[in-house]
Asker: 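Okay, handing you the structure first.
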Amino acid sequence: MASKFEKKFGKYAVKNLTLYLIIGYVLGYIIHLINPNMYDLLTLDPYMVFQGQVWRLVTWVLTMPEQLSIFTIIMLFLYYSLGQSLERTWGTYKYNVYLFSGFLFTAVGAMILYIVLCAYYGSMLSVSIIGNNIGACVSTYYINMSIFLAFAATYPDMQLLLYFIIPIKVKWFGLLYGAFIFVDIFEAFRAAGEIGIYMNAIIVTVLIVLSLLNFIIYFFMGQKRQQFRPKQIKRKQQYRKSVRHSMPQGYAGGAKHKCAVCGRTELDDPNLTFRYCSKCSGNKEYCQEHLFTHTHS
C-alpha cells in the first residue's frame, strides 16, 4: 500500500531517473573537456558555497564519477540497466526517494563536515583549503555504487558475466564492492598517517558513509526492506491482478472502489483504502472504517 507521502508526492517522481543522471555525467565530461575552469565551478566546495556560489549544492551531481575511459562507458551502461531494473521493481517514487536521499545526505553532510573541520583544524589550515579538499572528494562515484549495492541486495542470485564470459552471482560482486570501500578507507588513513594530518582521511570516510547512507537505511535499518524483494513484489502484483479481474467493472462517475456499507468511493475521499472481505460472498468491498466492523453476508 502506498504511503501518504507517495500518494501526495508520487505524481512528481521523475521517470527514467537513471537516464537523466547519466546524461548529467555526459554533460560534465563535455564541460571538463571544453572548459576545465568552468568544470571547477560545478564541484561541491563548501567554502565557495558560503561565499555565495550556492549552485554548487546541485551542480556537483554533474561531476565525473571516474576519469573517462572505455571501462567508464561500459560501467555507465551497466548502471543504466541496473537503475532501470530497480525502478521497475520498486516503482518510480521509491527509486526517486532512494537516489535523491543519497544526493541530499551527501550535500548536507559535506556542509556540516566543513563546519566541524573548520572548528577543529581552522587554527592550522585555511578554511578555503579545507573547503577545497572536501570539494575534491565529493563525487557521484559512491552514489553509483549505492545503485549497484541496491541491485545486489534486491537480486542477489542474478548472474552477471565477468569479462563478458564468467557468470557470477551479483551478490558476490556486491560483497566485492563492499571490500573496495574498506580498502579505500584504509588507504586514505594510511596516506594520512604518513603526513600526520588525518583530515583528508576523515573527509573520505565521512563522504563515503554519507553517499551510501541511503543504502544503509533502506537495507539494514529499514523495517520494511522485504518489500523491495522481487518475490514479494511479484506476489503483490499477482494479488492485485486477481483482485482486478474479480472486481466490478466500475461504478457511477468512473469510481473503481465502493464500500458495501457506506457507499463511499475513492472519488468521495482519495485517502480511503478499500479491501475485499474473504468471508463475504460476491466479492464485496469495504473501506477501512467498515472492513472489520461490518456484518458478514
Asker: Judged by atom type as modelled, is there a donor-acceptor pair below 3.5 Å linking the side chain of Ser101 to the main-chain atoms of Tyr98?
Answerer: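 Yes: the side chain of Ser101 pairs with the backbone of Tyr98.
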Asker: Would you say the side-chain atoms of His257 and Glu285 include a donor-acceptor pair closer than 3.5 Å?
Answerer: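 Present: a donor and an acceptor within the cut-off.
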Asker: Can you see which heavy atom on Ile203 is nearest to which on Leu113, and at what distance?
Answerer: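 In terms of heavy atoms, the two residues are closest at CA-CD2, 3.9 Å.
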Asker: Rounded to the nearest 0.5 Å, how far apart are CG of Leu212 and CD1 of Ile217?
Answerer: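 Going from the CG atom of Leu212 to the CD1 atom of Ile217 covers 11.5 Å.
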Asker: Looking only at atom types and distance, does a side-chain atom of Thr59 sit under 3.5 Å from a main-chain N or O of Leu42, one as donor and one as acceptor?
Answerer: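 Pair found, side chain donor or acceptor close to backbone of Leu42.
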Asker: As an exercise, state the distance from CG of Asp40 to CD1 of Ile31, rounded to the nearest 0.5 Å.
Answerer: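 Here the rounded value is 11.5 Å.
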Asker: Can you name the closest pair of heavy atoms from Cys262 and Cys287 and give their distance?
Answerer: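 Heavy atoms only, the tightest pair is SG-SG, 3.9 Å.
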Asker: How far apart are the closest heavy atoms of Ala153 and Phe215, and which atoms are they?
Answerer: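 Minimum heavy-atom separation between Ala153 and Phe215: CB-CE1, 4.1 Å.
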Asker: Do Leu125 and Tyr47 belong together in a cluster built from hydrophobic side chains that touch within less than 4.5 Å?
Answerer: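 Yes, it is one cluster - the side chains of Leu125 and Tyr47 are joined through contacts under 4.5 Å.
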Asker: Without hydrogens or angle criteria, can the side chains of Tyr95 and Thr18 be said to hold a donor-acceptor pair below 3.5 Å?
Answerer: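 Yes, a side-chain donor-acceptor pair sits under 3.5 Å.
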Asker: Should Thr140 and Leu21 be marked as a side-chain contact (heavy atoms from CB on, under 4.5 Å) after you check the CA-CA gap, both sets of side-chain angles, and the distance that decides it?
Answerer: CA-CA 10 Å; Thr140 53; Leu21 184 62; 5.5 Å; no
Asker: Please evaluate residues Leu57 and Met111 with respect to the criterion side-chain contact (heavy atoms from CB on, under 4.5 Å), reporting the C-alpha separation (whole Å), side-chain torsions for both, the decisive distance (0.1 Å), and the verdict.
Answerer: CA-CA 9 Å; Leu57 291 170; Met111 300 302 295; 3.9 Å; yes
Asker: So how far is it from Tyr80 OH to Ile23 CD1, rounded to the nearest 0.5 Å?
Answerer: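 Spacing of OH (Tyr80) from CD1 (Ile23) equals 9.0 Å.
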Asker: Does a side-chain heavy-atom distance below 4.5 Å link Ile181 with Met145?
Answerer: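 Result yes, sub-4.5 Å side-chain heavy-atom pair found.
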Asker: Without swapping roles, check the side chain of Thr63 against the backbone of Trp60 for a donor-acceptor pair under 3.5 Å.
Answerer: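 Yes.
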Asker: With a 3.5 Å distance limit and no angle check, can you tell me whether Asn96 reaches the backbone of Val14 through a side-chain donor-acceptor pair?
Answerer: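 Checking the backbone N and O of Val14 against the side chain of Asn96, a donor-acceptor pair under 3.5 Å is found.
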Asker: Is it the case that more than 12 heavy atoms not belonging to Ile70 sit under 6.0 Å from its CD1 atom?
Answerer: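 Not buried by this count: 12 neighbours or fewer within 6.0 Å.
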Asker: Short question: side chain of Arg56, backbone of Val49 - any donor-acceptor pair under 3.5 Å?
Answerer: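 No, the answer is negative, given that no donor and acceptor are paired below the 3.5 Å cut-off.
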Asker: When you group the ILVMFWY residues by side-chain heavy-atom contacts below 4.5 Å and let the links chain together, are Tyr20 and Tyr12 in the same group?
Answerer: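 Yes.
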Asker: Decide whether Asn144 and Tyr25 meet the rule of one side-chain donor and one side-chain acceptor closer than 3.5 Å.
Answerer: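 Yes.
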Asker: Does Val209 reach the side chain of Phe105, with side-chain heavy atoms less than 4.5 Å apart?
Answerer: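 Val209 vs Phe105: side chains apart.
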Asker: State whether a side-chain donor-acceptor pair under 3.5 Å links Tyr142 with Asp184.
Answerer: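 On atom types as modelled, these side chains qualify, holding a pair under 3.5 Å.
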Asker: If you look at every heavy atom in Ala13 and Thr92, which pair is closest and at what distance?
Answerer: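 Smallest interatomic distance, heavy atoms only, reads CB-CG2, 3.6 Å.
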Asker: Taking atom types as modelled and ignoring hydrogens, do the side chains of Asn16 and Glu87 form a donor-acceptor contact shorter than 3.5 angstrom?
Answerer: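 Absent: no donor and acceptor within the cut-off.
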Asker: Same cluster or not: are Phe50 and Leu117 linked, directly or through other Ile, Leu, Val, Met, Phe, Trp or Tyr residues, by side-chain heavy atoms under 4.5 angstrom apart?
Answerer: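 Yes; Leu117 is reachable from Phe50 via cluster members.
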Asker: Show the nearest heavy-atom pair for residues Ala188 and Ala201, with the distance to one decimal.
Answerer: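 Scanning both residues, the minimum pair turns out to be O-CB, 3.6 Å.
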Asker: Let me confirm one number: the SG-NZ distance from Cys259 to Lys284, rounded to the nearest 0.5 Å.
Answerer: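 Here the rounded value is 11.5 Å.
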Asker: Kindly work out whether a path of hydrophobic side-chain contacts (I/L/V/M/F/W/Y, heavy atoms less than 4.5 Å apart) joins Ile112 to Ile134.
Answerer: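 No, separate clusters.
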Asker: Starting from the C-alpha separation in whole Å, work towards a yes-or-no answer on side-chain contact (heavy atoms from CB on, under 4.5 Å) for Met64 and Tyr141.
Answerer: CA-CA 8 Å; Met64 304 178 297; Tyr141 175 81; over 6 Å; no
Asker: Atom CG in Leu210, atom CG in Leu104: separation rounded to 0.5 Å?
Answerer: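 Between atom CG of Leu210 and atom CG of Leu104 there are 10.5 Å.
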Asker: Got a second to check how far Met75's CE is from Phe148's CZ, nearest 0.5 Å?
Answerer: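 It is 7.0 Å, given to the nearest 0.5 Å.
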Asker: Going through the distances and angles, do Tyr114 and Ile130 end up as a side-chain contact (heavy atoms from CB on, under 4.5 Å)?
Answerer: CA-CA 7 Å; Tyr114 171 73; Ile130 295 174; 4.0 Å; yes
Asker: Under 4.5 Å between side-chain heavy atoms, counting indirect links through other Ile/Leu/Val/Met/Phe/Trp/Tyr residues: same cluster for Tyr29 and Ile73 or not?
Answerer: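 Same hydrophobic cluster.
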Asker: If you look at every heavy atom in Gly131 and Pro46, which pair is closest and at what distance?
Answerer: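 That closest heavy-atom pairing would be O-CD, 3.4 Å.
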Asker: Is the backbone N or O of Ile143 less than 3.5 Å from a side-chain atom of Ser146, with the two atoms forming a donor-acceptor pair by type?
Answerer: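 Yes; judged by distance alone, with no hydrogens or angles, the pair exists.
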